[in-house]
Amino acid sequence: MRACGLAVLLGVLGGCASAPVSAPAMSGDAARPAQASAWIRSELYFAVGNEDGSDRIDEAHWREFLDREVTPRFPDGLTVIDGYGQWRFREQGRLVRQRCKILVVLHEDRARHRADIESIRQAWKQATGHESVLWSRQAVEVSF
């Protein structure tokens, strides 16, 4: 019985391995193209609370910032991810662990969008007194 089951399993797996693999096709809809080039995935990292409980930005404050500074600049869509990370002050050698909000925006690679993101970073630093907002960006292919 055991050998029979193994033979069937190997036959099934062998059939799967020999089947041609094709990449999924990108398809669009009436409002968006199937493919778009020259798009960027921007990620912004906003500290919202240190592990020791200091420098806490509550959810209402974050939502207010999102509504006031981010949504008007990127009304077509965005994603916010709750995160947790750490970094070290170079000069002090002190390790800081903190909660963060990661804002992900997919946008065309245009000067206006880069300026909008820089305005968002500056607004957060001014509102919170934080020294930085990490901005990571990379080219992406998108499909809607």
Side-chain angles (χ1 to χ4, degrees), residues 5-144:
L6 181 59
V8 170
L9 178 62
L10 289 174
V12 169
L13 291 176
C16 290
S18 63
V21 176
S22 60
M26 292 181 133
S27 61
D29 59 33
R32 302 281 189 228
Q35 288 183 304
S37 59
W39 278 60
I40 300 293
R41 174 189 170 114
S42 286
E43 294 180 2
L44 300 173
Y45 293 77
F46 301 87
V48 293
N50 292 332
E51 188 176 58
D52 65 5
S54 65
D55 200 24
R56 178 156 163 62
I57 309 294
D58 65 19
E59 196 64 29
H61 185 198
W62 168 254
R63 286 288 172 120
E64 179 183 306
F65 177 81
L66 196 64
D67 292 345
R68 183 182 67 246
E69 300 292 342
V70 181
T71 302
R73 290 180 170 95
F74 293 99
D76 291 337
L78 53 89
T79 301
V80 175
I81 302 166
D82 288 320
Y84 178 83
Q86 65 184 37
W87 64 284
R88 183 179 304 280
F89 281 102
R90 284 188 182 190
E91 294 172 6
Q92 301 169 0
R94 182 171 55 101
L95 184 65
V96 177
R97 292 183 172 105
Q98 56 194 187
R99 292 179 311 99
C100 64
K101 298 285 188 181
I102 304 163
L103 173 66
V104 180
V105 182
L106 301 175
H107 58 86
E108 293 173 284
D109 189 12
R110 294 187 175 166
R112 186 192 85 209
H113 293 308
R114 290 188 298 275
D116 285 340
I117 288 175
E118 189 56 35
S119 294
I120 291 166
R121 295 173 71 206
Q122 292 303 319
W124 181 259
K125 290 189 274 187
Q126 184 177 10
T128 63
H130 293 174
E131 294 181 14
S132 66
V133 174
L134 175 64
W135 178 9
S136 169
R137 57 187 172 252
Q138 64 185 2
V140 293
E141 292 182 31
V142 298
S143 173
F144 298 93

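Fair warning: this is a prediction, and the values are worked out from it, not measured in the lab.
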[X] versus [Y]: any side-chain heavy-atom pair under 4.5 Å?
| X | Y | value |
| --- | --- | --- |
| Asp82 | Lys101 | yes |
| Thr128 | Phe65 | no |
| Arg114 | Asp109 | yes |

Would Ile40 and His113 satisfy side chain to side chain contact (heavy atoms under 4.5 Å, CB included), going step by step from the backbone distance to the final call? CA-CA 10 Å; Ile40 300 293; His113 293 308; over 6 Å; no
Counterpart residues, salt bridge (charged side-chain N to carboxylate O under 4.0 Å, His left out), relative to [X] (two or more places apart):
| X | answer |
| --- | --- |
| Arg97 | none |
| Arg68 | Glu64 |
| Arg94 | none |

Trp135: which residues meet the ring pair (Phe, Tyr, Trp, His ring centres under 6.0 Å) condition with it, sequence neighbours left out?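 For Trp135, no residue satisfies ring pair (Phe, Tyr, Trp, His ring centres under 6.0 Å) once neighbours in sequence are set aside.
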Under the ring pair (Phe, Tyr, Trp, His ring centres under 6.0 Å) test, which residues partner Tyr45, sequence neighbours left out? none
Pairs touching residues 120-137 that satisfy salt bridge (Lys or Arg N to Asp or Glu O under 4.0 Å), sequence neighbours left out: Glu118-Arg121
Taking CD in Gln92 as the centre, count heavy atoms belonging to other residues, nucleotides or ligands within less than 6.0 Å. Is the count above 12?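 Counting other residues, nucleotides and ligands, CD of Gln92 exceeds 12 neighbours.
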Where does the angle between the aromatic ring planes of His61 and Trp124 fall among parallel (under 30°), tilted (30 to 60°) and perpendicular (over 60°)? parallel
If only atom types and distance count, is the side chain of Arg56 paired as donor or acceptor with the main-chain N or O of Gly49 below 3.5 Å? no
Determine the minimum heavy-atom distance between Phe74 and Ile120, stating which atoms define it. CE1-CD1, 3.9 Å
To the closest 0.5 Å, what do you measure between [atom1] ([X]) and [atom2] ([Y])?
| X | Y | atom1 | atom2 | answer |
| --- | --- | --- | --- | --- |
| Asp116 | His107 | CG | NE2 | 9.0 Å |
| Trp87 | Ser132 | CH2 | OG | 6.0 Å |
| Leu106 | Glu108 | CG | CD | 11.5 Å |

Side chain to side chain contact (heavy atoms under 4.5 Å, CB included) between Val105 and Arg73, intermediate numbers included: CA-CA 11 Å; Val105 182; Arg73 290 180 170 95; over 6 Å; no
Side chain to side chain contact (heavy atoms under 4.5 Å, CB included) assessment of Ile57 paired with Phe46: CA-CA 10 Å; Ile57 309 294; Phe46 301 87; over 6 Å; no
